[in-house]
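These notes are about the structure you will find just below.
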Amino acid sequence: MMNMDTHPRNSSEQDLIDRLHRLPLEKAPADLSDRVMARIAAPKPSLAAAIWNLVSRPYSISFRPVYAFGFAVLVCGAFFLGKNTRQVPVQIAQNSLPVAQIQPETIENPESAYLVGRGLLRADSSERQALAFLQRASLLEPQNPEFAYWEGVGHWANGDEDAERSSYLRGLEADPDNVPLLINLGHSYLGEKRYKEALGAYQAVLDLVPGNPVARYNSGLIHRALGMVSEEIASWRSFLQEHREGTKPFRAVQRLNDYGDFSFRIYQIGVRKIIVNQQLLLDESVPEEMKQEELAGIASILEENDQVNLEVVVFIEHDREAARKRAITLKRLLVQNSKTDVADQVSLSWFAAPETIEKGDSTSGVELSEGLLIFSRLITENNKEVSI
């Protein structure tokens, strides 16, 4: 028989192999099969017990500098990406509980109860059980705003709005500037149409983080519900200064336009719809750097597709020369803002007349003494131009 081992053995290795060969064969224990089957048939622990065992089991940790550095990078990344809640240390217990069902009142470590509750909250049909653990964490550490926040979420999941708000308010007593608590408190009030209280919570958020999109957008909804038109318009304008992507910005533009405010408009450029601050582009007092930033989205579309031709039309009532200068400026900024030569893709027109915008729900239109119309044409393979 051919020896398949091509690696030469030294005398010590060969001696070990010979001694292993001389060992007597032992019979398997008589109860081995029963022990294996018993383990297979053992009932699975409940979800709570599984989470508890995961939280409380002892771990053996080895230190490797490369892995430690990678973990540090992940932690720093999570922090700078905007985690609003503090990191909760995991208390490592020496023994896991060998019971099928963990009772919240048996837990004395608040972080452990909190982690079990968070885990259960992610599971289907476990909201009531999750709340019990989250309440236990808050009971053991009532001044912890994160525990109060998630206890409130637990109450919300169980449909108890009053208890939900009580949790948020308790957390805010410990940390009055906690943005997640303030936002959820505003949501709770808004859900019950308690508009003034909701507005107060959202305003507190905006005092801390002026650009917060949730607080700004929901403030606009509340002003709309209360019939506060000027405040609603101001909210939509402020929201659109920093947020242009997604469904909500397009709704905000439509609501502004419905009031006859066309400071922001939606333009179809190629196959995309772009929200543009028309007022900023037409204002001669605005620095050109800001206008270039506003035109960046349009410039990128022209760069990506040289088959898209742009038509820029400027209206300035009773001042044709001013309209011409502004149109030329906009083209120059578009060309300067592009990494490729897009000059031939941009055509200009200007008029010494107001722009008339037809409204779909009325026979009369809206006249703008200063207006900017941007539309595009797609050049097809047979050189026929198709309006977009």
Side-chain angles (χ1 to χ4, degrees), residues 82-86 121 131 134 138 142-266 275 277-280 361:
K83 281 183 68 67
N84 289 317
T85 56
R86 67 177 179 84
L121 202 58
L131 176 58
L134 295 170
S138 289
Q143 297 304 310
N144 188 314
E146 186 173 7
F147 294 173
Y149 174 89
W150 283 102
E151 182 189 13
V153 173
H155 284 300
W156 169 81
N158 284 276
D160 192 341
E161 291 84 1
D162 292 335
E164 176 193 0
R165 281 191 298 275
S166 295
S167 296
Y168 299 148
L169 291 170
R170 189 187 71 250
L172 288 168
E173 289 178 1
D175 185 4
D177 294 339
N178 189 294
V179 171
L181 282 168
L182 287 168
I183 287 179
N184 273 23
L185 181 63
H187 292 348
S188 179
Y189 284 134
L190 183 58
E192 292 198 347
K193 298 184 178 180
R194 295 171 60 174
Y195 295 131
K196 291 185 178 180
E197 292 97 328
L199 196 59
Y202 292 136
Q203 187 57 54
V205 172
L206 294 172
D207 291 341
L208 296 167
V209 188
N212 185 279
V214 175
R216 181 63 67 190
Y217 186 85
N218 284 8
S219 294
L221 293 179
I222 294 172
H223 291 138
R224 185 178 184 86
L226 295 176
M228 303 168 66
V229 176
S230 59
E231 290 84 355
E232 180 190 353
I233 289 175
S235 292
W236 300 141
R237 283 186 173 187
S238 179
F239 174 75
L240 289 165
Q241 289 289 350
E242 299 183 32
H243 307 285
R244 308 285 180 85
E245 300 293 332
T247 303
K248 291 180 179 178
F250 284 92
R251 288 177 180 170
V253 173
Q254 189 58 57
R255 287 163 180 156
L256 274 179
N257 295 170
D258 288 343
Y259 285 123
D261 184 312
F262 289 89
S263 53
F264 289 85
R265 296 177 69 174
I266 300 172
I275 297 174
N277 187 337
Q278 171 187 246
Q279 189 176 52
L280 182 148
D361 57 350

Check your understanding: Hey, is the main chain of Thr247 close enough, under 3.5 Å, to the side chain of Arg251 for a donor-acceptor pair?
Key -> no
Point to revise | Exam field: side chain His243 to backbone Phe239, donor-acceptor pair closer than 3.5 Å | key: no
Practice item. Give the intermediate values and the outcome of side chain to side chain contact (heavy atoms under 4.5 Å, CB included) for residues Asn212 and Ile183. Key: CA-CA 10 Å; Asn212 185 279; Ile183 287 179; 3.7 Å; yes
Exercise for review: Quick one: do His223 and Tyr195 satisfy side chain to side chain contact (heavy atoms under 4.5 Å, CB included)? Show the steps, please.
Suggested key: CA-CA 9 Å; His223 291 138; Tyr195 295 131; over 6 Å; no
Point to revise | Between CG on residue Leu172 and CG on residue Leu185, distance to nearest 0.5 Å | key: 6.0 Å
Point to revise | Over all atoms of both residues, closest heavy-atom pair of Gly171 and Leu181 | key: C-CD1, 3.6 Å
Study note, to complete from the structure: Ser263 and Leu256 have their tightest heavy-atom pair at OG-CD1, 4.2 Å
Point to revise | Candidate pair Trp236 and Asn257, rule side chain to side chain contact (heavy atoms under 4.5 Å, CB included), full reasoning | key: CA-CA 11 Å; Trp236 300 141; Asn257 295 170; over 6 Å; no
Practice item. Please report the shortest heavy-atom distance between Ser167 and His155, naming the atom on each side. Key: OG-CD2, 3.4 Å
Exercise for review: Report yes or no: does Ser238 contribute a side-chain atom to a donor-acceptor pair with the main-chain N or O of Ala234 at less than 3.5 Å?
Suggested key: no
Practice item. Taking all non-hydrogen atoms of both residues into account, name the closest pair between Ser138 and Ala148 and its distance. Key: OG-N, 3.9 Å
**Study point:** Heavy-atom closest contact (Leu240 atom, Val253 atom, distance)
**Key:** CD1-CG2, 3.6 Å
Review point. Taking C-beta and beyond as the side chain, do Arg244 and Asn277 meet within less than 4.5 Å on heavy atoms?
Key: yes
Point to revise | Donor-acceptor contact present, side-chain Tyr149 to main-chain Asn144, <3.5 Å | key: no
Exercise for review: Starting at CZ of Arg265, measure out to CD1 of Ile275 and round the result to the nearest 0.5 Å.
Suggested key: 13.0 Å
Check your understanding: Are the side chain of Gln278 and the backbone N or O of Phe262 linked by a donor-acceptor pair below 3.5 Å?
Key -> yes
**Study point:** Inter-residue atom distance Phe147.CZ - Arg170.CZ, 0.5 Å rounding
**Key:** 11.0 Å
Practice item. Could you tell me the separation between the OG atom of Ser219 and the CZ atom of Arg224, rounded to the nearest 0.5 Å? Key: 14.5 Å
Practice item. In plain terms, say whether Arg216 and Glu242 are close enough for a salt bridge, that is, a side-chain N and a carboxylate O under 4.0 Å apart. Key: no
Revision key, fill the gap. So CD of Glu192 and CD of Glu197: to nearest 0.5 Å the spacing works out to 9.5 Å
Check your understanding: Val229 and Tyr259: side chain to side chain contact (heavy atoms under 4.5 Å, CB included), yes or no, with the steps?
Key -> CA-CA 9 Å; Val229 176; Tyr259 285 123; 3.8 Å; yes
Point to revise | Spacing of Tyr168 atom OH and Trp156 atom CH2 [to the nearest 0.5 Å] | key: 8.5 Å
Practice item. Mark yes or no for whether Asn218, through its side chain, and Ile222, through its backbone, hold a donor-acceptor pair below 3.5 Å. Key: no
Exercise for review: For residues Arg255 and Leu221, determine if any side-chain heavy atom of one lies less than 4.5 Å from a side-chain heavy atom of the other.
Suggested key: yes
Exercise for review: Say whether, by atom type as modelled, one donor and one acceptor occur between the side chain of Ser188 and the main chain of Asn184 under 3.5 angstrom.
Suggested key: no
Check your understanding: Any ion pair linking Asp261 and Arg237 (charged N to carboxylate O, less than 4.0 Å)?
Key -> yes
Point to revise | Distance-minimising heavy-atom pair for Gly186 and Ala198 | key: O-CB, 3.6 Å
Check your understanding: Would a line drawn from the ring center of His187 to the ring center of Tyr202 be shorter than 6.0 Å?
Key -> yes
